[in-house]
Amino acid sequence: MSRPKPNILVTGTPGVGKTTFCEALAGSAQLEHLEVSKMVRERRLYKEWDDELDCSIFDEEMVYDALEPLLEAGGCLVDFHSSAFLDEGLLDLVVVLRAETSTLYDRLERRHYPESKVKQNVEAEIFQTCLDEAREAFEETDMTILELPNDNEEHMQEALERVQEFVRSYQPG
C-alpha cells in the first residue's frame, strides 16, 4: 500500500515508555500519535473487563476496525502493547521498546499499579512476550522489527534517532 508517510507500531510491555516515546516522535517526525489503550477506553472497544487487574480485555476486531481507516492514510504512530491482530499491510515498521526489569518495576509502582499487575508485567518483560508476539505476527513478512532499549534518556534519544532516520528515508510504495 502506498502512503506518503509511514505507519509505525510502537509496542512493548506496559511501562517501557511507549507513550512518552510516541509523544516525542510524533512532534519531531510529524506523525499522528494513536494511543490505542486510550481509544479502547474512550470508545469502549472491549467486551470484557478484568476486575482483578482493573483493565479492559480489548476486542481485536473492534480495535482493528477503529484503526484501519486511520492507518490507510499513513503517517501514524500506533502505541499499543499488542501487535498480533494488526495486518502487516497497514504498517511499515514495528518498534519493540524494552526495559530492564528494575526500571520497569519502578515505573509501574509510580503508576500505583496493584502488585499483581506489576508482577505480571515484569514477568512479561522477562519472557519478552511483546517482542515474541511481534516476531510471530510478522515472521512471514518483510516487516522490519526493531528491538530498542528504553531505560533512560540516552536510550530514548538513540531510539528516537533510529526511528527518525527510518521516517526520513521512507519511500512510499
Side-chain angles (χ1 to χ4, degrees), residues 7-27 31 33-64 66-67 76-86 88 91 93-139 141 143-164 166:
N7 289 324
I8 301 169
L9 170 64
V10 179
T11 190
T13 305
V16 296
K18 296 180 300 294
T19 300
T20 303
F21 179 83
C22 285
E23 287 170 350
L25 185 59
L31 299 171
H33 178 198
L34 303 177
E35 192 176 348
V36 178
S37 295
K38 188 175 182 180
M39 289 175 65
V40 168
R41 283 190 311 276
E42 290 175 354
R43 298 184 190 185
R44 303 179 79 71
L45 303 175
Y46 58 91
K47 293 180 180 173
E48 295 181 59
W49 188 266
D50 185 323
D51 290 325
E52 183 182 334
L53 296 176
D54 191 32
C55 65
S56 64
I57 301 170
F58 76 98
D59 182 285
E60 291 182 358
E61 195 171 307
M62 292 170 77
V63 174
Y64 184 91
L67 287 173
C76 294
L77 283 171
V78 181
D79 166 357
F80 200 42
H81 64 273
S82 186
S83 59
F85 71 99
L86 290 166
E88 78 275 359
L91 300 170
L93 177 68
V94 175
V95 175
V96 182
L97 295 179
R98 303 293 308 275
E100 293 292 330
T101 55
S102 58
T103 302
L104 183 61
Y105 187 92
D106 292 345
R107 289 175 181 171
L108 295 174
E109 273 207 322
R110 283 195 302 270
R111 291 182 182 183
H112 305 290
Y113 276 23
E115 186 61 31
S116 61
K117 194 170 183 177
V118 172
K119 183 180 178 193
Q120 183 183 50
N121 284 310
V122 168
E123 286 176 357
E125 187 64 7
I126 290 169
F127 294 112
Q128 64 186 31
T129 303
C130 293
L131 177 61
D132 287 348
E133 180 182 326
R135 286 177 174 161
E136 187 176 312
F138 302 106
E139 70 183 340
T141 72
M143 182 67 62
T144 299
I145 299 173
L146 298 179
E147 177 186 5
L148 302 172
N150 195 32
D151 292 299
N152 52 47
E153 188 62 33
E154 183 180 334
H155 286 164
M156 166 101 60
Q157 288 306 313
E158 290 170 0
L160 284 168
E161 288 170 14
R162 189 122 179 239
V163 178
Q164 287 165 338
F166 173 85

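Predicted model, so just to flag it, every value in this text is computed and none were measured.
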[atom1]-[atom2] distance between [X] and [Y], expressed to the nearest 0.5 angstrom:
| X | Y | atom1 | atom2 | answer |
| --- | --- | --- | --- | --- |
| Ile8 | Cys76 | CD1 | SG | 10.0 Å |
| Leu34 | Cys22 | CG | SG | 9.0 Å |
| Lys18 | Leu25 | NZ | CG | 15.0 Å |
| Asp79 | Ser37 | CG | OG | 6.5 Å |
| Thr20 | Met156 | OG1 | CE | 5.0 Å |
| Glu60 | Leu67 | CD | CG | 12.0 Å |

Okay, side chain of [X], backbone of [Y]: is any donor-acceptor separation there less than 3.5 Å?
| X | Y | result |
| --- | --- | --- |
| Thr141 | Phe138 | yes |
| Glu133 | Ser83 | yes |
| Glu35 | Thr19 | no |

Verdict with supporting geometry, Val163 and Phe21, side chain to side chain contact (heavy atoms under 4.5 Å, CB included)
CA-CA 10 Å; Val163 178; Phe21 179 83; 3.9 Å; yes
Audit row: His81, Phe58, side chain to side chain contact (heavy atoms under 4.5 Å, CB included) steps and yes/no
CA-CA 11 Å; His81 64 273; Phe58 76 98; 4.1 Å; yes
side-chain contact (heavy atoms from CB on, under 4.5 Å) with Leu104: which of Val16, Asn150, Ile126?
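Exactly one option meets the side-chain contact (heavy atoms from CB on, under 4.5 Å) with Leu104, and it is Val16.
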Lys47/Glu61 ion pair, N-O < 4.0 Å
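Not counted as a salt bridge, because no side-chain N and carboxylate O are separated by less than 4.0 Å.
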Could you go through the side chain to side chain contact (heavy atoms under 4.5 Å, CB included) check for Leu148 and Leu97 one step at a time?
CA-CA 5 Å; Leu148 302 172; Leu97 295 179; 4.2 Å; yes
Compare every heavy atom of [Y] with every heavy atom of [X], then report the nearest pair and how far apart it is.
| X | Y | answer |
| --- | --- | --- |
| Arg107 | Gly17 | NH1-N, 3.9 Å |
| Ala134 | Val94 | CB-CG1, 4.1 Å |
| Leu9 | Ser82 | CD1-O, 4.4 Å |
| Ala66 | Leu45 | CB-CD1, 3.9 Å |
| Cys130 | Val96 | C-CG1, 4.4 Å |
| Ala137 | Ala84 | CB-CA, 3.8 Å |

Full working for side chain to side chain contact (heavy atoms under 4.5 Å, CB included) between Thr144 and Phe166
CA-CA 10 Å; Thr144 299; Phe166 173 85; 5.7 Å; no
Glu136 atom CD: more than 12 heavy-atom contacts under 6.0 Å:
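Counting neighbours around CD of Glu136, 12 or fewer heavy atoms of other residues, nucleotides or ligands fall under 6.0 Å, so no.
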Name the residue from Glu109, Arg110, Arg111 that meets the side-chain hydrogen bond (donor to acceptor under 3.5 Å, both in side chains) definition with Tyr113.
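The passing option is Arg111.
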Are Arg44 and Tyr46 side-chain neighbours, meaning at least one heavy-atom pair lies under 4.5 Å?
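A side-chain contact exists here, since the closest heavy-atom pair is under 4.5 Å.
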Give the C-alpha distance, both sets of side-chain angles, the deciding distance and a yes or no for side chain to side chain donor-acceptor pair (under 3.5 Å) between Thr13 and Asn121.
CA-CA 6 Å; Thr13 305; Asn121 284 310; 6.0 Å; no
Between Gln157 and Glu161, a side-chain donor and acceptor under 3.5 Å:
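Short answer, no.
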